[in-house]
Amino acid sequence: MSTNKLEALKKYFGYDSFRPQQSEIIDTIMANRDCMVLMPTGGGKSVCFQIPAVLRDGLTIVISPLIALMKDQVEALRGNGINAAFLNSTISGAEQDQIMWQIRLGELKLLYIAPERLFAGNTFDLLREWNVTLFAIDESHCISSWGHDFRPEYRQLNLLKLRFPDVPIVALTATADRVTRRDILKQLNIEHAETFISSFDRPNLSLNVLPGRKRIEQIQRFVNKHEGQPGIIYCLSRKGTETVAASLQKAGFRVAYYHAGMPGDKRSQVQENFLRDDIQIIVATIAFGMGIDKSNVRWVIHYNLPSNVESFYQEIGRAGRDGASADTVLFYSYLDIITRQDMINNSDQSAEQKELLHAKLNRMKQYAEADICRRRILLSYFNEPVDHDCGNCDVCRNPRTRFDATIIAQKALSGIARTEQKVAMGMLIDILRGSRNRNIIQHGYERLPTFGVGHELRTDEWSEYLGQMLNSGVMDIAYDEAHSFKLNPVSWQVLKGERQIELVKFIPLSERKAKEEELVPKEKPKQEIIRDALFERLRQLRKKLADALGVPPYVVFSDASLSEMAQKKPVSEAQMKAVSGVGAEKFRRYGEAFINEILDFARENNAPGTRVMKGMTFVETLDLYNEGYSVKVIAEKRNLNPVTIISHLVKLKEDGHAINLKSLIEPAAYTAIITAAQEIRAGKNDPLKPLFELLNERYDYGQLRLALAIWEEERQN
Ligand code: ADP
Ligand code: ZN
């Protein structure tokens with residue numbers, strides 16, 4: 001059994017090993033036991049029920065709330081050679097009939113369906129006639145009113161266990177909190193179910209918090225560094241999304257905004273364009289993201305502070321789902337906290353609810369203001385023990401130091417006292433720094449004894465330190481009085497010298513260490529330039545194929561797979577299949593196209609002096625051919641399939657090398673193949689399978705390709 005599931009993982013998904021827990025979960029399901037799976041977004045939940053689905057006879061029903069997502073998931077499964085379908089309102093009657101037949105014939109492995117569709121018409125009764133072997137409830141927190149996304153139509157799922165006591169249920173979610181978890185099991189009537197909780201760590205996501213000043217400028221710099229990489233910018237307001245998008249558009253980026261105030265068709269259009277890599281950047285409210293399965297999102301920026309850590313983690317979790325590295329940035333200033341507090345205070349929630357929301361906001365604030373590893377804070381929020389600093393957050397890269405800031409604090413507080421507690425941040429900083437602007441003169445503030453006492457600190461330093469003081473209760477702020485600062489008992493203690501204040505040393509942006517790769521000198525090694533250029537070529541090929549097939553590019557191959565190809569330059573079937581994410585079906589569909597692209601690239605870059613491509617298989621084949629060896633011997637020497645050698649030689653010939661293709665094939669075979677090809681009008685670029693079958697599988701694919709190449713050449717002459 002254990003080899004079977006590993007074989008299936010390799011064959012269908014192209015992966016060599018299971019991630020933690022996946023294997024145990026699969027065993028549990030295969031033993032017909034109910035279970036619950038908690039994994040972060042991108043953790044790999046789907047494989048847990050998809051492998052049992054392919055390993056067993058019968059049908060797996062997948063309940064999913066997100067119609068848009070179903071289509072992509074089914075597309076991805078088919079792309080991996082697994083027969084799946086979905087039922088929802090977008091399916092025509094004829095398509096539905098076809099699906100029903102496939103189910104009756106036992107051909108369909110997975111059926112995706114929304115709960116409202118499951119309980120509409122006679123579908124639920126039909127389940128009895130089908131050989132259902134597993135129910136997978138995706139986004140299962142939707143069944144609980146304690147969860148953050150309750151959907152009443154999920155409630156009816158309690159019928160599943162009552163009507164089908166022998167069919168196992170697997171409930172999957174990325175929501176960790178205990179109350180919701182217990183409620184899910186209760187609502188589904190599977191209280192005894194075993195629960196698998198994976199680590200919520202996503203080490204491939206870098207965590208960064210930047211001071212919330214000049215956000216647009218910072219974003220432009222960031223996006224320039226992430227050329228061509230898809231990303232999401234989350235804003236608090238609809239208006240905000242439009243402004244930010246407009247400014248990026250002006251700077252020449254392919255960008256669109258997305259919020260709930262737009263008409264539905266416009267929204268789907270934007271989403272679709274993003275999925276297909278036709279636009280690079282989405283600026284959105286939190287309305288965007290549910291139902292996005294795009295695995296190659298390379299970065300997420302929070303323009304404003306999210307209201308709680310769960311939402312924040314879910315939103316950044318949309319980056320790097322393919323496991324390749326991805327960046328996250330949160331902009332933060334004390335004003336963001338105030339805005340959020342106002343929103344809670346002015347909402348019509350009960351006092352109790354408000355208290356809860358404030359408490360949740362406070363945890364978010366702790367993350368933003370952390371002076372220890374930020375990942376520690378996130379993971380401990382999810383009750384996960386952490387025993388080391390992550391090395392992939394801005395605090396780890398720029399360790400913070402504290403210093404005695406009593407004098408700084410006294411200067412600021414005395415400025416507040418002398419202005420009768422009427423000034424807000426901007427004005428106070430101008431007074432401290434001694435800026436003689438019109439506003440200052442108007443109020444006569446330039447005559448205050450505190451005027452200019454803080455000129456040694458820059459504006460951004462003051463703004464950082466005042467924010468820190470505020471956050472640690474050294475003074476208060478009155479948001480009902482134009483955000484003016486107010487003194488409190490702690491302030492007076494500091495002013496009287498009865499209390500010391502420590503602050504965290506401010507590191508100017510220009511001195512902050514960015515990610516490791518940005519630390520290395522600007523000039524990239526040649527090897528890397530070539531790798532990046534090849535990645536770009538493969539990305540373009542992926543886009544072309546995806547567009548032709550009408551699917552999003554990441555359904556063809558993930559960024560992680562492309563990047564491995566660019567690194568290892570696989571040029572044979574075995575090498576290609578060794579790339580993570582290249583299963584049998586993916587290879588059958590796209591293997592040749594990608595190998596050819598890699599070979600083309602190799603040839604173009606094989607100019608004298610670039611040593612890199614010397615080891616390329618292609619060149620080796622040419623060398624052996626020139627030494628006079630036959631295809632069979634070359635294949636043996638190189639431990640490759642003769643078909644591959646022939647495809648090399650055909651390519652080499654097209655490329656202008658002197659190769660006598662005709663000498664590689666028996667005249668009788670050539671005639672037979674060409675006669676058959678004419679019969680079905682098969683050309684050099686058509687799939688070979690029909691020809692192969694028409695000839696009763698007598699000639700291998702290498703001979704077919706060879707004959708067609710010769711024929712084509714003769715026709716051209
Ligand atoms: P979730 O549903 O938990 O958000 P997915 O099931 O979509 O996550 O998986 C996230 C990504 O991880 C997908 O690209 C998937 O193919 C990949 N993945 C899943 N299992 C493995 C594995 N064992 N090895 C490598 N990649 C995996
Ligand atoms: Zn860290």
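Basis for what follows: all heavy atoms, side chains included, without hydrogens, waters or symmetry-related copies. Sequential numbering from 1 along the given sequence is applied to the chain's residues. For ligands, and for the atoms within them, numbers begin at 1 and follow the listed sequence.
- Checking Asp183 against Thr180 by side-chain atom types alone, no donor-acceptor pair falls below 3.5 Å.
- Between the side chain of Gln218 and the main chain of Arg213, a donor-acceptor pair closer than 3.5 Å is present.
- Among residue pairs with one or both ends in residues 75-85, those qualifying as side chain to side chain donor-acceptor pair (under 3.5 Å) are Asn80-Lys586, Asn83-Gln102; sequence neighbours excluded.
- Applying the ring-ring contact (aromatic ring centres under 6.0 Å, His included) test to residues at least two apart or on different chains, none of the pairs has a partner in residues 20-42.
- Side chain of Arg19 to backbone of Gly43: a donor-acceptor contact under 3.5 angstrom is found.
- Side-chain atoms of Lys45 do not come within 3.5 Å of backbone N or O of Asp138 as any donor-acceptor pair.
- Under the 30°/60° scheme for interplanar angles, the aromatic rings of Tyr234 and His302 are found to lie parallel.
- Protein N/O/S atoms found under 2.8 Å from the Zn ion (ligand 2): Cys373 SG, Cys390 SG, Cys393 SG, Cys396 SG.
- A parallel orientation is assigned to the rings of Phe222 and His226, their planes being inclined by less than 30° (bins at 30° and 60°).
- Residue Ile507 qualifies as enclosed at atom CD1: its count of foreign heavy atoms under 6.0 Å is above 12.
- Contact shell of ligand 1 (protein heavy atoms, cutoff 4.0 Å): Tyr15, Ser17, Phe18, Arg19, Gln22, Pro40, Thr41, Gly42, Gly43, Gly44, Lys45, Ser46, Val47, Arg321.
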